[in-house]
Amino acid sequence: MKRKVLVIHGPNLNMLGKREPEKYGTSTLDEINTNLKTHGNETDIDVHTFQSNHEGSIVEKIQEARDVFDALIINPASYTHSSIAIRDAVLLLDIPVVEIHLSNIYKRESFRHKSILCDVVTGQIAGFGMYGYIMALDAIINIMKAKKSK
Ligand code: DQA
């Protein structure tokens with residue numbers, strides 16, 4: 001059966017392309033999602049994407065991912081720095097979780113240096129723009145391969 005990976009994009013990421021392109025690049029969210037789905041197809045992975053500007057909707061989506069998805073890629077956007085609810089939801093999962101940021105949050109304002117969920121995810125990728133999402137999917141593919149060969 002095909003492995004299923006969920007990609008969650010947090011608030012304001014629906015505005016990518018128009019939003020501070022010097023920080024986040026010029027690609028739209030649709031382009032990022034299409035690239036991820038194409039890369040997934042090439043590697044036999046079903047990529048599902050979800051974007052919300054609402055904390056509760058993101059929490060509900062993470063809860064639904066339990067027992068349904070094999071891995072999660074999440075850019076919680078500004079909730080990275082504030083949401084204990086999203087952190088607690090991630091703790092419900094026992095699948096690989098990659099936290100991803102388009103920008104290098106450690107090179108930016110000090111309030112962005114702290115990620116509330118960095119210690120409950122498998123790993124974090126930051127600063128590689130839209131390519132970071134492909135890196136995240138590759139990281140997951142590698143984890144899945146390593147599990148299979150055990
Ligand atoms: C972001 C970084 C966050 O600090 C910011 O609030 C975002 C996007 C990133 O992808 O670089 O909305 O998560």
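In listed order, ligands and their atoms are each counted from 1.
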Notebook entry, point to check: Is the closest side-chain donor-acceptor distance between Glu55 and Asn53 under 3.5 Å?
Noted result: no

Next item on the list: Determine whether the side chains of Tyr133 and Asn33 contain a donor N or O and an acceptor N or O closer than 3.5 Å.
Entry: no

Next item on the list: Taking only heavy atoms of Arg19 into account, list the atoms of ligand 1 that are under 4.0 Å away from them.
Entry: 7 (C), 12 (O)

Which residue holds the protein heavy atom closest to [atom], what is that atom called, and what is the gap in Å?
{"atom": "atom 6 (O) of ligand 1", "value": "Arg112 NH1, 3.0 Å"}
{"atom": "atom 11 (O) of ligand 1", "value": "Ser103 OG, 2.6 Å"}
{"atom": "atom 2 (C) of ligand 1", "value": "Ile105 CG2, 3.7 Å"}

Given that the side chain starts at C-beta and the backbone is N, CA, C, O, which of these parts of [X] lies under 4.0 Å from ligand 1, counting heavy atoms, or is it both or neither?
{"X": "His101", "answer": "both"}
{"X": "Asn75", "answer": "side chain"}
{"X": "His81", "answer": "side chain"}
{"X": "Met130", "answer": "neither"}

Notebook entry, point to check: For Lys18, does the NZ atom sit with more than 12 other heavy atoms under 6.0 Å from it, leaving out its own atoms?
Noted result: no

Margin query: Considering both backbone and side-chain atoms of Arg108, is one of its nitrogen or oxygen atoms within less than 3.5 Å of a nitrogen or oxygen in ligand 1?
Written below: no

Margin query: Is there a polar contact, in the sense of an N or O pair closer than 3.5 Å, between Leu102 and ligand 1?
Written below: yes

Next item on the list: Determine, stepwise, if the pair Arg66 / Asp94 fulfils salt bridge (Lys or Arg N to Asp or Glu O under 4.0 Å).
Entry: CA-CA 8 Å; Arg66 233 175 106 96; Asp94 59 357; over 6 Å; no

Note to self: Checking Lys23 now: which residues fulfil salt bridge (charged side-chain N to carboxylate O under 4.0 Å, His left out) with it, not counting sequence neighbours?
What the structure shows: Glu20

Notebook entry, point to check: Does Tyr106 sit in a hydrophobic cluster with other residues, and if so which ones, taking ILVMFWY side chains as linked at heavy-atom separations under 4.5 Å, directly or through other members?
Noted result: Ile105

Note to self: Aromatic contact between His9 and Phe50, with the criterion being ring centroids under 6.0 Å apart: yes or no?
What the structure shows: no

